[in-house]
Undergrad: 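Sharing a structure, written as structure tokens. Questions coming.
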Amino acid sequence: MAKTRDWLKERTYHHSAFSDLAALVRAKEERGLRISLCFPTLNEAATIAKEIVVMRSELQLRYPLIDEIVVIDSGSTDATREVAAEYGAKVYLADEILPEIPAYKGKGENLWKALYVLEGDVILYIDADIKNIHPRFAYGLLGPLLLTEGVRFSKAFYDRPIALDQKNIKPTGGGRVTELVTRPLFSLFYPELSQFIQPLSGEYAGFRDCFDSISFPIGYGIETSMLLDLYDRYGMDAMAQVDLDKRVHRNQSTLALGRMSFGIMQTFLAKLKASGAAELGAELYDTMIQYELEAGSYRRRESEIRIVERPPMLSVPAYLEKFPGRKPDA
Amino acid sequence: MGNIIFLGEVPPYAGTWLSDDDTADPSYSVRARFFAERLAELGVDECGTDRLGNPIALIKGSEPALAPVLVVAELDSLNTPAGDIHYELRDGKIFGPGLLDNALGAAAALSLPDMLKRHCAPLRGDLLIAGLANTMRDAKNIALIERFVDGLERRPCAAIILKGGELGRLNYFSDAVIRADIVCDRREGERGAAEDMVVAATELVDRFLGIRIPKRPKSSLTVGMIKAGFKYGDPAAHARIGLELRSLSNEVLAELSRQVKDIVDLVRYEQRIDLVYDVAVELGAQNLGWEHPLVRNAVGVMRALELEPDVYPSVSELFYFLNRGIPAVTIGVARGQDYHQETAHASIDSLFTGMAQLMGLVTALDRGACHG
């Protein structure tokens, strides 16, 4: 367990450690890197303008840290795409990227397709529903990648859920799904990964090779799957987590979190099976069954949640054509 | 726009009001600290705080002997919701509590260093950019503005006071004004004493409204606040009335104030209650004059931007500058609605005109409009 404590101490940062934006820009330029920021969206007209303005004014106009801001939209029915374009982002409809491939709907699909249109060597994904957006969401995640040797992927956590001295560790840090589903599963099978305070956070950054070499579930399991794959490929030392303080976003109902938990467990078990770490004696069902109290009786609600997974982008010929420097895995 | 969001989402003040001494601590106002740090980060030549904790930045001009121009904005907000503040951008507008009073004005001041660097020739004279902290927290805190003006190390040749709205406003004269609290308390155990302070307060208000207010010089009496009671079924033991008297004439204001005091005295004896007439603010009328170069230049800039100047009297900061012989005007930077409410919002397009107006006026002053 000594190794576990070391990772937490050595690879956990607070965003304020990277608030010297000029230093980040210098590091980026010295290494000749380009950085892309991607917002996956679906009906985010209420928040996307502010997200773009905040990032653009601070991290493009004032400090040239981010080279492009890109919105990948799942087909919003509100004005998300128009607003985003008006405020200076490049906007793509996910369905129109790689149109020769049948399209799916989901955040994972957007993140995966973003790899084809983003130009950066470093890619930063930030959810578009953050009410208290601040440049720290970007520079906090980019900091470890630019300034710490060996770090290739960084993930956000929030609300100062943990302090690193032994007297002040708080018992919980994640949301309900994290604490009831993901962390128990990690503890059972990949104890080192349980050190991620919020493994399901939607904000992360990494070098392009982190993302184009792994598969992307299009639905709920994307964050879990990503951590498992990166852990497998690079190990803990290549990963970091950053405290971004408070994040304010939409709250989800317990039923919605139930479906999310179903998708995460589905993805996790499939990964376990594929890796040979566990055997399943039967096929898994793909329907989440929930009950809602309605007019004095329980109504059964069934949600079909199937695993649909995009292969590593490196296996897509069009991608290799666009990025000839990238080579498919041996 | 980034500056509006960053500044507007910082609570205007924090901590507990203990005494005047607290205001001397720059850490007392979180927003003041943010304002100072932001100015320093924007690369002004010097940035510090005065003895009250008000941030002041200096952009040096090429002729240091010239008196500086001062751009100043209040940092507080009248509407400060409990909990976090979140601004929104949608439908071509920016929304947020405290936006118009005065996150927008303060953000415009914050944006000046960048805008000047990008769009203007180097300044001849020095430019001071200041934020005023804690001035809206209590009616009596208006005195902090006086202390700020008196504490300025260099006397400015002119001051531009920035408000979030309304774009086109031009205040260069101030009303004489008295803002007073009238505090009513029940006398326990006194025979014949009025029991319900709501009734007593109503009696006072009725009599105040009977005072004859002259139309010339323009004057007014406004009962802006009444607070009393805590339970439906219990007579109120305490009431407080907030009253404002205004006039373009110092003499008329003094006469109105005398009449209010007389009513308070009379009701005190009639109702056998404790009544205190507590003057929170008393300012005299001041007028820079339409012909003053600062006013003429402000009007010229507005007309060049196709803005119709909206001229009316102001109170507060303007008085303190004018009273000390410092030419000053108050201008607004955006068109907004729902002032002082959670839903306060302003048109983003109007902001560009507002910033152009500010830049134009600073440039005109720097070219010598007020250097005599």
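Proteins get letters first, then strands, A, B, ... in listed order; numbering begins at 1 in each.
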Undergrad: Give, as side chain, backbone, both or neither, the part of B:D114 having an atom under 4.5 angstrom from any heavy atom of chain A.
TA: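 Contact with chain A is through the side chain of B:D114 alone.
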Undergrad: For atom CZ of B:R154, is the number of surrounding heavy atoms from other residues, nucleotides or ligands below 6.0 Å larger than 12?
TA: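 Check passes, neighbour count above 12.
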Undergrad: If I measure from the heavy atoms of chain A, does B:F6 come under 4.5 Å with its side chain, its backbone, both, or neither?
TA: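 Only the side chain of B:F6 comes within 4.5 Å of chain A.
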Undergrad: Hey, which of B:R38, B:E88, B:E41 has the most heavy atom pairs under 4.5 Å with chain A?
TA: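 Result: the option with the highest number of such pairs is B:R38.
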Undergrad: Rounded to the nearest 0.5 Å, what's the gap from CG on B:L89 to CD1 on A:I48? Could you check?
TA: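 These two atoms lie 11.0 Å from each other.
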Undergrad: Given that the side chain runs from C-beta out, which part of A:R56 has a heavy atom under 4.5 Å from chain B: side chain, backbone, both or neither?
TA: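 Contact with chain B: none, neither part.
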Undergrad: Using a 4.5 Å cut-off on heavy atoms from C-beta on, say whether the side chain of A:R62 contacts that of B:L42.
TA: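 Yes, close enough: below the 4.5 Å cut-off.
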Undergrad: What pairs of donor and acceptor atoms, side-chain ones from residues 18-27 of chain A against any protein atom, are under 3.5 angstrom apart with sequence neighbours left out?
TA:
residue	atom	partner	partner atom	Å
A:S19	OG	A:S16	O	3.1
A:D20	OD1	A:A22	N	3.4
A:D20	OD1	A:A23	N	3.2

Undergrad: When you look at B:I5 and A:K50, which way does the side-chain contact (heavy atoms from CB on, under 4.5 Å) test go after all the steps?
TA: CA-CA 8 Å; B:I5 294 167; A:K50 181 176 165 186; 3.6 Å; yes
Undergrad: To check you understand the geometry: which heavy-atom pair defines the closest contact between B:G2 and A:V53, and what is its length?
TA: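 For B:G2 versus A:V53, the nearest heavy atoms are N-CG1, 4.0 Å.
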Undergrad: Under 4.5 Å from any heavy atom of chain A, what part of B:I348 do you find: side chain, backbone, both or neither?
TA: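 The side chain, not the backbone.
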Undergrad: CG/A:L61 to CZ/B:R118 distance, rounded to the nearest 0.5 angstrom?
TA: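 Output value for this atom pair is 6.0 Å.
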Undergrad: What residues of residues 66-94 of chain A make heavy-atom contacts with chain B at a cutoff under 4.5 angstrom?
TA: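 Result: A:Y87.
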Undergrad: Which heavy atom of B:E9 sits nearest to which heavy atom of A:K131, and what is that distance?
TA: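 Looks like OE2-O, 4.2 Å.
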